[in-house]
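Data first, discussion second: the structure below is written as structure tokens.
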Amino acid sequence: MNEKYLPQDVEQKWQKRWADDRVFEVAVNPEKPKFYALEMLPYPSGRIHIGHVRNYSIGDAFAWYKRLQGFNVLHPIGWDAFGMPAENAAIKNKMRPDVWTRSNIDVMRAQLQRVGFSYDWSREIASCNADFYRWNQWFFIQMYKQGLVYRKRATVNWCTECQTSLANEQAEGGFCWRHTETPVEKRELEQWFVRLTKYNEELLAAIDGELRGNWPERVLTMQRNWIGRSEGALVDFALAGQPEKKIRIFTTRIDTIFGANAVVVAPEHPMMAELLAQAPNRAEIEAFIERVRSLSFVDRTSETAEKQGFATGAFVVNPFSQEQLPVWVANFVLAEYGTGAIMCVPAHDERDYEFSRKFHLPIRRVILPNSNNDTEDTLRYSEMPYLGPGFLSSNCGAYVGMDSEEARTKLAEIAHEQGFGESTVTYRIRDWGISRQRAWGTPIPMVHCAACGIVPADEKDLPILLPDDLDFNIGAPLAHHPYFVTATCPNCQGPARRDTDTMDTFVDSNWYYFRYCDAKNDRQAFDPAVVKYWMPVDFYIGGIEHAVLHLIYTRVWSKIMRDIGLVEFNEPVKQLLTQGMVILNGVKMSKNKGNVVDPDEMIERYGADATRLSILFAAPPEKEVDWKKMLRVMNPDSPYCDQVFKLVRTYADESGQMVHDIELQNGEFHTLPEGDGMVDYPAAEGAMRYLARLWRLVRKWHDRTQPGATAENLHFNELQQGVRRATHQTIKRISEAYEDGLRLNVTVAACMELTNHLYEFDGKLKDGEPTAEGDCFVMKEGIEALLVLLAPLCPHITQECWEALGHPGYLTDARWPVFDAELAREAHLEIPVQVNGKIRSKVLVAPDASDDHIREAALHDAKVMAAMEGKTVAKVIVVPKRLVNVVVK
RNA sequence: ACGGGAGUGGCGUAACUGGCAAACGCUCUGGUCUUAGAAACCAGUGAUUGUGGGUUCGAAUCCCACCUUCCGUACCA
């Protein structure tokens, strides 16, 4: 064992051995319990950043933890390799996207290996490889045959930056998920859709069932809201004088229908032409509709948007009251939700109230809050609009006095019986449009034949290969590629045209982790028997940003695979952890924001183990880490450096060189002069200091401990027992931290504490004297436990130390230390004694002392007696083994 | 606006879930060692737990109000 801890040497040595001996490669083994540890796969954007290091360090720690517990752990990695940035690089740098992507992958793979993650590299996949995406095409065809993908013309979201359509989930809030500054536009397009909505109820059931407690509540809430289930009723309002023509509305409050003062339709409503037939100011209304329709999603829904509308001149009949109501068109009614038409009930809906007040429409109360003896007088002072439950008022014809909840079902039933409505459930979630007008993606395996229509490609013709000589400087490269476009109809063998759209890249991430299970299979997407062994994923780590994107799609995809007969389970991910981001100056790190911190420099200076340790120690996994608090500008000669934390922005300049800006005053950034940009990482330095300390301890003791020694026939003195106690308390603490929310920061603290304790013990021994057998045993026990407990975080140094202690094999064969409650028990308890809630003294008692004994000891303590002087004891509270509180008056 | 988190030393955080507040680390100060520095080691500074009220023998922890902050949703009828 080297005298000095040299992380580079240690890390390179073991990384090479791990690779040579394929230490982390696993195979199906029915004898062993399996564990599937997974992290969301990276996009090969160029280089790894510190956020990746954090995410993957968390996952690696858990994979190691399970491995040390004896599980057969599958821990794979791969590349989300299709997508826009490659295509942009192709346009900008005239590089082929596959070349760009693969060279990025090579760089990033080397970086990941340098961090020493315990991946089974034999399973590495890249979604841009034909042996992967051919199965996207295969799935597509299966789903097409089952009616789970279908084609329709629809208004879709269009990102002008991406030059492609987007799914609703990818345009949340009106902005593109990649370009959060770019508002999406609407376009009419013919597209392929995946029938997500078939699984609405199933998705919801699991959110409130098996996923609850195992997925973060935050993610479940977001998914629940996204699915947006809403129970209500559809009601037809016939046009006055034209009973065969009806406007269908959706409402969750059919019980308020007697209070309707109008029917309001969205500007896009399909009956608009008919409704406007009578309108005297038709031109004005049409101009209004045109104006609203041309607004971007954001402008149209922004908070400041005032309610605007026009009466169309048409009237409808309220089917319950036979009352004639005007039909209005207004900007606040959404065409894409419900039926695109509502009934306006101002007394019991905020928006309708605001709208009616503005346009002076009559407001009529139909739900009375307290009972049916509310009078108009008492109501005058009650709130408007009233949204709560109550009783139907005398405005409600035969239903007066009915409970509003009851009326909700009752009126829907009546509507159904009389043929003008029914109760229904609507959802906010839409089917998933997966066609993309891009070239760097999975070609959609469909053929357009003049004679046969749209026909799926023959399965034996898969994969439909993406040409590698596309010209990216013309729009729609696939459509302009003659050999790609030309096809033969699988049906009639006549000439046909290929679909020139590609699939959304979220298709790849739907099932990549199934492919890891059987990554080399060239006959099927995966062997169901193999997947049956490894799946579902036991522990999945990724960012919260995929809560309603990837994590909804992939749940549905699993259900589709189940329905096709490939798998048997319903949910693909048992437990989910959403790790906190690493942010810099309040912004998430990402390549296109230019604020990426490259870990290479840190690893070079402090080693991979210290880098990992420092970032895991910084905060619990689900919390954000602010990178600026992890670093400091260091250059004592620089006038900018005065031993004070500075705000540093780290990014790569044009040439790829890392540059550090430093913030001085007033939030202004200044580029540091040449040579002053030295950045120091106190956190990583501290981590390395700790590891060096551990190293020295092991070095001092490694040849004094015998690998085979047992505690039998040894009698331990008090000091030695203290070491064993600390060891076992640490085992307990760390094991609990893993099980209870994977609080890795706590495990680091506990390891340091144990190390401190071992040093303390070492310091008490007289140097130079032959060491007692008991001393050697307890140190060996402590050090070995410490190494195994720390291995998930710092696999290199612990492995090196493990070897130094005389263990021939890899740490993967070590086992998580077993906690012994007897050894962890305190020799005696120090019980704090309070007098009226204030700590006055402490008494020492035996660990098995009775409450009575503790009480007596406390009451006879000199300091306690002094504090009670002249007062009478009212009550004595004894918390077993914990504390005594004497209440005196 | 609504919904959900979160406020603990100069900083990051911990506290067995109602029982000794601050473990662990960073920073800082002093010392030992050294020609000097670094490293290392030793010692030390550091809190009305956001504010106010309540429950309790006892509150960082539970309840109420307020303040600050982060995240999510944003006319979904």
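Note that these values count all heavy atoms, side chains included, but never hydrogens, waters or copies made by symmetry.
Nucleic acid contact class of A:I839 (heavy atoms, under 4.0 Å, all strands): sugar-phosphate only. Within 4.0 Å of A:N745, counting heavy atoms only, lie sugar-phosphate atoms of the nucleic acid but no base atom. When heavy atoms are screened at a 4.0 angstrom cut-off, A:V886 is found touching no nucleic acid atom at all. Here A:K623 lies in heavy-atom contact (under 4.0 Å) with sugar-phosphate atoms only. Across all strands shown, A:D352 has no heavy atoms under 4.0 Å from either base or sugar-phosphate atoms. Backbone-only engagement by A:A618 is indicated by non-hydrogen atom pairs under 4.0 Å involving sugar-phosphate atoms exclusively. At a threshold of 4.0 angstrom between heavy atoms, the contacts of A:E350 with the nucleic acid are absent.
Both A:P620 and A:E753 sit near RNA chain B, but only A:P620 has its closest nucleotide nearer the 5' end. Annotation: of the two residues near RNA chain B, A:A341 and A:N225, the 5′-most nearest-nucleotide partner is A:N225.
Not a single donor-acceptor pair, N or O on each side, falls under 3.5 Å between the base of B:C20 and the side chain of A:R840.
Nucleotides B:G52 and B:A60 have their P atoms positioned 13 Å apart, rounded to a whole Å. Nucleotides B:U45 and B:G31 are separated by 14 Å at their C1' atoms, to the nearest Å. Across B:A43 and B:G25, the matching P atoms stand 12 Å from one another, rounded to whole Å. Using atom P as the reference point in both B:A21 and B:U61, the two lie 14 Å apart (nearest Å). For B:G50 and B:A59, the C1' atoms lie 16 Å apart once the distance is rounded to whole Å. Separating the C1' atom of B:C66 from that of B:G30 is a span of 44 Å, rounded to the nearest Å. The same atom, P, is picked in B:G10 and in B:U51; the two are 13 Å apart, to the nearest Å. Taking atom C1' in both B:C24 and B:U8, one finds a spacing of 15 Å when rounded to whole Å.
At the phosphate of B:A77, OP1 or OP2 sits under 4.0 Å from a side-chain N or O atom of A:S230. OP1 or OP2 of B:C57 has at least one side-chain nitrogen or oxygen of A:K875 nearer than 4.0 Å. Taking 4.0 angstrom as the limit, A:Y337 places a side-chain polar atom (N or O) nearer than this to OP1 or OP2 of B:A77. The side chain of A:R689 contributes an N or O atom lying less than 4.0 Å from OP1 or OP2 of B:C26. Put simply, A:N885 has no side-chain N or O that comes within less than 4.0 Å of OP1 or OP2 on B:C20. Between A:R733 and B:C24, a side-chain N or O to OP1/OP2 separation shorter than 4.0 Å is absent. The phosphate of B:G3 (OP1 or OP2) has no side-chain N or O of A:R224 nearer than 4.0 angstrom. Here A:R743 reaches the OP1 or OP2 of B:A15: one of its side-chain N or O atoms lies under 4.0 Å away.
Under the 3.5 Å distance criterion, with hydrogens and angles disregarded, no donor-acceptor pair is assigned to the side chains of A:R291 and A:N331. In summary, the side chains of A:Y427 and A:S230 do not present any donor paired with an acceptor at a separation below 3.5 Å, with no hydrogens or angles considered.
A straight line from OH of A:Y690 to P of B:A40 spans 14 Å, rounded to a whole angstrom. If you take CZ of A:R229 and P of B:A77, they are 12 Å apart, rounded to a whole angstrom. For the pair A:D626 CG and B:C70 P, the interatomic distance rounds to 13 Å; values are reported in whole Å. B:C42 atom P lies 9 Å from atom OH of A:Y759, rounded to whole Å. Between the CZ atom of A:R855 and the C1' atom of B:C57 there is a distance of 13 Å, given to the nearest Å. In this structure, A:Y606 atom OH and B:G25 atom C1' are separated by 15 Å, rounded to whole Å. Straight-line distance from the CZ atom of A:R882 to the C1' atom of B:C20: 10 Å, rounded to whole Å. Counting to the nearest Å, the P atom of B:A77 and the OH atom of A:Y427 are 13 Å from each other.
For B:U29, the paired base is B:A43 (Watson-Crick or G-U wobble, both distances below 3.5 Å). Pair assignment for B:A74: none, as no Watson-Crick or G-U wobble contacts are both less than 3.5 Å. Applying the Watson-Crick and G-U wobble criteria (two distances, each under 3.5 Å), B:A6 pairs with B:U68. Checking B:A36 for Watson-Crick or G-U wobble geometry (two distances, each under 3.5 Å) identifies no partner in any strand. Base-pair partner of B:U13: not found among the strands shown (Watson-Crick or G-U wobble, both distances under 3.5 Å).
Taking the six-membered ring where the residue is Trp, the centroids of A:F420 and A:F320 are separated by under 6.0 Å.
The glycosidic torsion of B:U45 lies more than 90° away from 0, which places this base in the anti conformation. Syn is the glycosidic conformation of B:U48, whose angle stays within 90° of 0.
When each of A:I207, A:L203, A:L204 is tested with A:Q223 by the rule side chain to side chain contact (heavy atoms under 4.5 Å, CB included), just one qualifies, namely A:I207. The side chain to side chain contact (heavy atoms under 4.5 Å, CB included) with A:M343 is formed by just one residue from the set A:T256, A:L325, A:N261, A:D352; it is A:T256.
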(request) Using the side-chain contact (heavy atoms from CB on, under 4.5 Å) rule, take A:R212 and A:E217 through it: C-alpha gap first, then chi angles, then the decisive distance, then the call. (result) CA-CA 7 Å; A:R212 162 153 289 162; A:E217 198 52 46; 3.6 Å; yes

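A:Y759 carries A:R693 over the face of its six-membered ring, with the cationic atom under 6.0 Å from the centre and within 45° of the normal.
Of the possible polar contacts, one joining the A:D431 side chain to the A:T197 backbone as a donor-acceptor pair under 3.5 Å is found. When atom types are taken as modelled, the side chain of A:H348 and the backbone of A:Y386 share a donor-acceptor pair closer than 3.5 angstrom.
Distance from the side chain of A:V333 is smallest for B:A77 among the nucleotides B:C24, B:A77, B:G19.
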